[in-house]
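Read the numbers this way: they start at 1 and go in the same order the structure lists the ligands and their atoms. Positions are given from 1, in the same order as the sequence printed here.
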Amino acid sequence: MQIDHLVLMHYFTIIIFVLSTSSLATAQQRQSNISRGSSLSPTKTSSWLSKSGLYAFGFYQRGNGYSVGVFLAGIPEKTVVWTANRDRPSVSGNATLLFTPAEGRLVLQTPQGQDTFIADISQTVSYASMLDTGNFVLCNSDGDIIWQSFAHPTDTLLPTQRLAEGMQLISSASKTDQSTGTFGLYMKPDGNLVQYPKDATTNEYAYWASYWTTELGDKVSLILGEDGNLYLVNATGFNVRNITSQVYATRGSIYLLRIDWDGLLRLYSHNLSPSSRWSVLWNSTSDRCDPKGLCGLNSFCVSNDLEPGCNCLPGFAPVIQGNWTSGCERDFTSESCKKKGKKYSIRAEDNTIWEEDSYSVLSQTSKEDCSQACLDDCNCEAALYKDGNCKKQRLPLRYGRRSTQSGSVAFIKVEDTSESSTDMFLHTREGKKEIMKDIIIIIIISCLFVSSLVIIVILVVVNHRYRVSSYRRTCHNDDIEFCEDIAPRSYSYAELERMTDGQLVGDEEVEPKHLERIIKVALWCILDEPSLRPSMKKVLLMLEGTVDIPTPPNPTSFISTI
Ligand SMILES: *[C@@H]1O[C@H](CO)[C@@H](O)[C@H](O)[C@H]1NC(C)=O
Ligand SMILES: *[C@@H]1O[C@H](CO)[C@@H](O)[C@H](O)[C@H]1NC(C)=O
Ligand SMILES: *[C@@H]1O[C@H](CO)[C@@H](O)[C@H](O)[C@H]1NC(C)=O
Ligand SMILES: *[C@@H]1O[C@H](CO)[C@@H](O)[C@H](O)[C@H]1NC(C)=O
Ligand SMILES: *[C@@H]1O[C@H](CO)[C@@H](O)[C@H](O)[C@H]1NC(C)=O
Ligand SMILES: CC(=O)N[C@H]1CO[C@H](CO)[C@@H](O)[C@@H]1O
């Protein structure tokens with residue numbers, strides 16, 4: 001009773017919402033019974049709406065063309081929940097969907113003359129209907145449903161829709177491409193609900209299951225309730241297991257369960273206010289690297305701040321840049337047991353786990369021995385090491401992921417390109433020329449280095465002698481302690497004036513500009529931060545007057561900024 005009340009309220013809110021948004025295109029037709037002889041086209045009447053206007057069946061835009069399916073038409077973010085013939089290419093704007101007058105077949109016709117049937121049926125269809133639940137149905141003259149989109153799900157389950165024993169949802173290739181993707185949600189005959197990569201549907205490849213041990217018996221189905229709860233029912237309709245444990249029911253919300261392109265099963269809700277967006281209420285796993293096969297062959301999943309990414313094995317490069325599922329391929333030639341000559345080495349990828357498919361297992365070995373064993377074996381392309389076991393494998397490696405607790409290491413055999421490339425270098429004429437050039441450059445650099453060293457030594461000696469003499473002078477002028485030590489110390493202005501007989505320059509004639517230059521350069525050279533001090537070359541240019549000298553930073557202010 002309570003549920004009925006809830007459902008009524010739910011539809012009432014939806015109807016109010018849909019009427020109030022009035023954002024519906026005029027090209028959509030609201031018609032509860034669709035009669036034979038009707039037709040749709042992407043550019044004219046493109047879809048048939050459900051009674052409330054929430055769902056629509058018809059053409060939706062996909063890539064550069066159109067596909068036929070069911071979508072949420074009553075919300076701004078048009079969301080596709082079902083696609084007919086999802087792996088067929090989209091059609092152009094001049095295609096037609098015809099509900100044939102005689103037998104009631106749904107045929108997608110293109111001007112090129114390629115006809116495709118939407119539903120596979122043999123009985124005569126009397127009428128079609130787009131229901132408010134999101135189910136598109138075909139009925140016979142008695143009003144019995146003979147075909148329904150709910151029985152042929154793609155990647156989405158809607159409230160009241162059932163995933164019966166033996167059925168599966170398969171993810172889409174991407175957010176915008178509804179063709180078959182990589183992952184499956186499978187309602188197994190033993191009553192277990194399991195997620196697999198779609199081409200490896202045995203238990204060892206499962207990355208999520210509703211439970212792992214007990215069996216609930218046969219004929220178990222998955223249902224997404226009207227209230228947004230997800231549960232399993234047995235053949236007599238009893239709730240035998242709750243998958244989500246919360247009660248979500250929020251008045252006026254719509255729900256959908258989808259196995260997303262990235263392999264996670266997510267329960268979404270959408271509040272029917274115009275500014276609302278889909279929000280995730282529940283997901284099958286919080287680790288986005290869990291779905292096996294998210295990263296293609298020879299690559300492994302890493303998660304940074306909850307966002308997944310794919311890395312190639314060492315020595316490998318992506319097959320298609322930016323396409324994770326395409327995986328990675330060798331950037332070198334593989335080893336041959338027959339033609340020797342190339343050099344190989346082993347590179348390690350720590351803390352990664354992979355599918356194990358070894359042709360030889362060595363036990364009680366060390367990491368070093370494992371690495372060496374693979375290097376010495378011309379058949380070995382990779383070795384997986386864990387707890388003293390060394391499993392030699394051939395490529396490709398699959399289902400890889402970073403796992404910091406695993407303590408396992410993948411050793412990959414790669415060609416030693418550094419050595420072989422210098423070998424090639426030496427044997428070509430171009431190589432010789434290049435090497436002559438390199439030698440000349442090295443000689444020039446060494447000459448410059450030696451000469452700058454000589455200059456520095458001269459400067460240091462001159463500077464030292466000058467300082468010693470001035471310190472001596474200071475000592476003579478004043479009875480200051482420690483004057484034997486040539487260590488820096490601070491002077492007051494009065495002391496300096498006294499010691500230098502008034503500011504720095506004595507009897508000699510000095511151009512004021514030149515003096516300023518020397519002082520500025522000196523101040524630059526004694527900065528506390530070595531990286532700020534000018535290079536010797538710069539100093540020479542500054543002293544010559546070839547370059548301008550910027551005003552040196554105030555040492556105290558500079559220190560305070562550190
Ligand atoms: C749709 O057609 C069926 C069978 O002809 C009929 O029983 C039903 O009342 C019709 N529904 C509406 C809303 O017209
Ligand atoms: C249908 O559309 C395609 C592309 O939009 C165009 O190439 C083709 O000529 C059209 N065919 C007809 C019969 O209009
Ligand atoms: C379904 O579950 C109920 C309650 O546990 C049980 O009484 C009933 O026998 C089950 N039905 C089947 C077909 O297993
Ligand atoms: C599932 O949850 C509902 C309440 O949300 C509860 O009434 C029911 O007993 C639960 N079923 C099982 C099998 O735990
Ligand atoms: C990625 O590569 C796979 C096969 O390598 C291909 O099937 C798929 O279409 C590509 N995806 C994109 C978005 O290009
Ligand atoms: C991506 C995502 O929505 N992850 C969530 C999955 O669910 C767990 C709780 O079970 C959350 O912690 C994650 O944030």
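- A centroid separation of less than 6.0 Å is found between the aromatic rings of His152 and Trp147.
- Within the 4.5 Å cutoff, the side chain of Thr182 has no heavy atoms near those of the Leu294 side chain.
- Pairing of Cys380 with Cys374 by a disulfide is supported, the SG atoms lying closer than 2.5 Å.
- Counting heavy atoms of neighbouring residues, nucleotides and ligands inside a 6.0 Å radius, atom CD of Gln405 does not exceed 12 of them.
- Protein heavy atoms come within 4.0 Å of atom 2 (O) of ligand 3.
- For the pair Phe136 and Ile118, the minimum side-chain heavy-atom distance is 4.5 Å or more.
- Looking only at heavy atoms of the protein, atom 13 (C) of ligand 3 is closest to Ala235 CB, 3.8 Å.
- Regarding atom 7 (O) of ligand 3, its nearest protein heavy-atom neighbour is Phe238 CE1, 4.5 Å.
- Atom 9 (O) of ligand 5 has its closest protein heavy atom at Asn323 ND2, 4.7 Å.
- Those atoms of ligand 4 with a heavy atom of Asn242 less than 4.0 angstrom away are 1 (C), 2 (O), 3 (C), 8 (C), 10 (C), 11 (N), 12 (C), 14 (O).
- Of the polar atoms of Arg241, none of the N or O atoms is found under 3.5 Å from an N or O of ligand 4, judged by distance alone.
- Ligand-side atoms of ligand 5 in range of Ser326: 2 (O), 5 (O), range being under 4.0 angstrom from any heavy atom.
- Among protein heavy atoms, the minimum distance from atom 6 (C) of ligand 3 is reached at Asn234 ND2, 4.1 Å.
- Within the 4.5 Å cutoff, no side-chain heavy atoms of Val220 are placed close to those of Arg241.
- When the shell of 6.0 Å around CG of Asp376 is examined, it contains more than 12 heavy atoms from other residues, nucleotides or ligands.
- Counting heavy atoms under 4.0 Å from ligand 4, residue Val240 touches it through the backbone alone.
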